[in-house]
Participant: 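Pasting a structure here, questions to come.
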Amino acid sequence: MLGIERTFLPYQPEATEKKTQISYLWPLISSAHVSAETATDDQQTPVFEDDALAAELRPGGRLDQMVTLGKDLPVTWVIDPDLLATVDAMANGYRVKEGSLHVPGANRELAERWLGALEKAVQGHKVVALPFADPDLASLAHHGKDVPGSLGHLQSATALAGMTVETILHVQPSTDFAWPVDGAVDPAIVSVATSAGADKVIARSDSVRDDLSYTPSAARPWATAAPRPW
């Protein structure tokens, strides 16, 4: 036994004309790897903090398996554009920090292969682009007002998201979704998500307490002028 996961069982009465449509969210997200430095050459080659992302991209790695499995499933791809931009930078030539030196990155072909496989996998599927670098909406909501300009950067991160996904994967993504950490939402988090252009919020079931005897699976309004938790 590898594990046990609890989920809900849709009930579809025979008399119902419209069948319930269900999609699983398939997240392609990773930690940041590109440093704030660039190489001192004419191309301003990006410099990576390390080459750890390659382990996730190579055959059998986490991100490789996500693409390999997801291409044959009816899923909604939820992508952090920062991951795409990072792998795209690898594919176009990059350098890696090694002590005080910057050495040439050795996984350019690996990045090209993964991007090519992902581009084929997402064709014909729903694609959601999260704000660039998947910022922590809860931290912004509860502490962002103490940092001047932080909420404004969230808007630009959303604008950059759609452009990045369309440029690299050649698909038009949706940018009106927000996915707070672990799907936890409260009025402050919803308000911040709305300010960045999202009108749909992916939430945990226990974030929306309806005291129902069954597991809700449909969209519902959070408030009159607020986004809808999903």
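The first residue in the sequence is number 1, and the count goes up from there.
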Participant: Nearest 0.5 Å, what's the CD-CD distance between Gln65 and Glu56?
Facilitator: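 Here the interatomic distance stands at 11.0 Å.
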
Participant: Looking at CD1 of Ile189 and CG of Asp136, how far apart are the two atoms once the value is rounded to the nearest 0.5 Å?
Facilitator: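 That separation rounds to 8.0 Å.
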
Participant: Please round to the nearest 0.5 Å and tell me the distance separating atom CG of Leu83 and atom CG of Leu28.
Facilitator: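 Going from the CG atom of Leu83 to the CG atom of Leu28 covers 6.5 Å.
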
Participant: Are Leu53 and Leu169 co-members of a hydrophobic cluster defined by side-chain heavy atoms under 4.5 Å apart?
Facilitator: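 As far as the 4.5 Å side-chain criterion goes, Leu53 and Leu169 are connected within one cluster.
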
Participant: Is Pro59 close to Leu110 at the side-chain level, that is, under 4.5 Å between some pair of heavy atoms?
Facilitator: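 Yes, at least one pair of side-chain atoms sits under 4.5 Å.
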
Participant: Hey, could you give me the CD/CG distance between Glu112 and Asn92, rounded to the nearest 0.5 Å?
Facilitator: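 Here the interatomic distance stands at 7.5 Å.
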
Participant: Can you tell me which residue among Thr76, Val67, Val75, Val128 is in a side chain to side chain contact (heavy atoms under 4.5 Å, CB included) with Trp26?
Facilitator: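 The residue from Thr76, Val67, Val75, Val128 that satisfies side chain to side chain contact (heavy atoms under 4.5 Å, CB included) with Trp26 turns out to be Val75.
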
Participant: In Å and rounded to the nearest 0.5 Å, what is the CG to OG distance from Asp134 to Ser30?
Facilitator: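 It comes to 11.0 Å.
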
Participant: Leu118 and Trp77: side chain to side chain contact (heavy atoms under 4.5 Å, CB included), yes or no, with the steps?
Facilitator: CA-CA 10 Å; Leu118 176 59; Trp77 296 82; 3.9 Å; yes

Participant: Run the side chain to side chain contact (heavy atoms under 4.5 Å, CB included) check on Trp114 and Leu63 step by step: do they pass?
Facilitator: CA-CA 9 Å; Trp114 186 83; Leu63 291 173; 3.8 Å; yes

Participant: Mind checking whether Leu101 and Phe48 sit in one hydrophobic cluster, side chains of I, L, V, M, F, W, Y counted as touching below 4.5 Å?
Facilitator: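 The answer is no; the residues belong to distinct hydrophobic clusters.
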
Participant: Hydrophobic cluster membership, with links at side-chain heavy-atom distances under 4.5 Å among I/L/V/M/F/W/Y: are Val103 and Val34 in one?
Facilitator: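 Same cluster.
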
Participant: Do you know which of Asp80, Leu140, Asp82 makes side chain to side chain contact (heavy atoms under 4.5 Å, CB included) with Pro135?
Facilitator: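 Result: among Asp80, Leu140, Asp82, Leu140 is the only option passing the side chain to side chain contact (heavy atoms under 4.5 Å, CB included) with Pro135.
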
Participant: Does the side chain of Leu57 reach to within under 4.5 Å of the side chain of Met90, using non-hydrogen atoms?
Facilitator: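 Leu57 reaches Met90 side chain to side chain.
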
Participant: Determine whether Val171 and His125 make a side-chain contact, defined as any pair of heavy atoms from C-beta on separated by less than 4.5 Å.
Facilitator: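 No, side chains not in contact.
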
Participant: Step by step, work out the side chain to side chain contact (heavy atoms under 4.5 Å, CB included) result for Tyr94 and Asp51.
Facilitator: CA-CA 10 Å; Tyr94 68 111; Asp51 217 0; 2.9 Å; yes

Participant: Which pairs pass side chain to side chain donor-acceptor pair (under 3.5 Å) with one or both residues in residues 157-173, sequence neighbours excluded?
Facilitator: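 Residue pairs with at least one partner in residues 157-173: Glu119-His170.
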
Participant: Would you indicate whether the side-chain heavy atoms of His33 and Glu49 approach each other to under 4.5 Å?
Facilitator: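 Result no, sub-4.5 Å side-chain heavy-atom pair not found.
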
Participant: I'd like to know whether Leu137 forms a side chain to side chain contact (heavy atoms under 4.5 Å, CB included) with Leu154, so could you lay out the CA-CA distance, the side-chain angles of the two residues, the decisive distance to 0.1 Å, and finally the verdict.
Facilitator: CA-CA 9 Å; Leu137 296 180; Leu154 180 59; 3.9 Å; yes

Participant: Closest approach of Val96 and Gly105, non-hydrogen atoms and distance?
Facilitator: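 In terms of heavy atoms, the two residues are closest at CG2-CA, 4.0 Å.
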
Participant: Are the side chains of Val165 and Val122 in touch, meaning some heavy atoms are under 4.5 Å apart?
Facilitator: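 Not touching, per the 4.5 Å side-chain cut-off.
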
Participant: Could you give the distance from CD1 (Ile29) to CE (Met66), rounded to the nearest 0.5 Å?
Facilitator: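 So the CD1 of Ile29 and the CE of Met66 are separated by 8.5 Å.
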
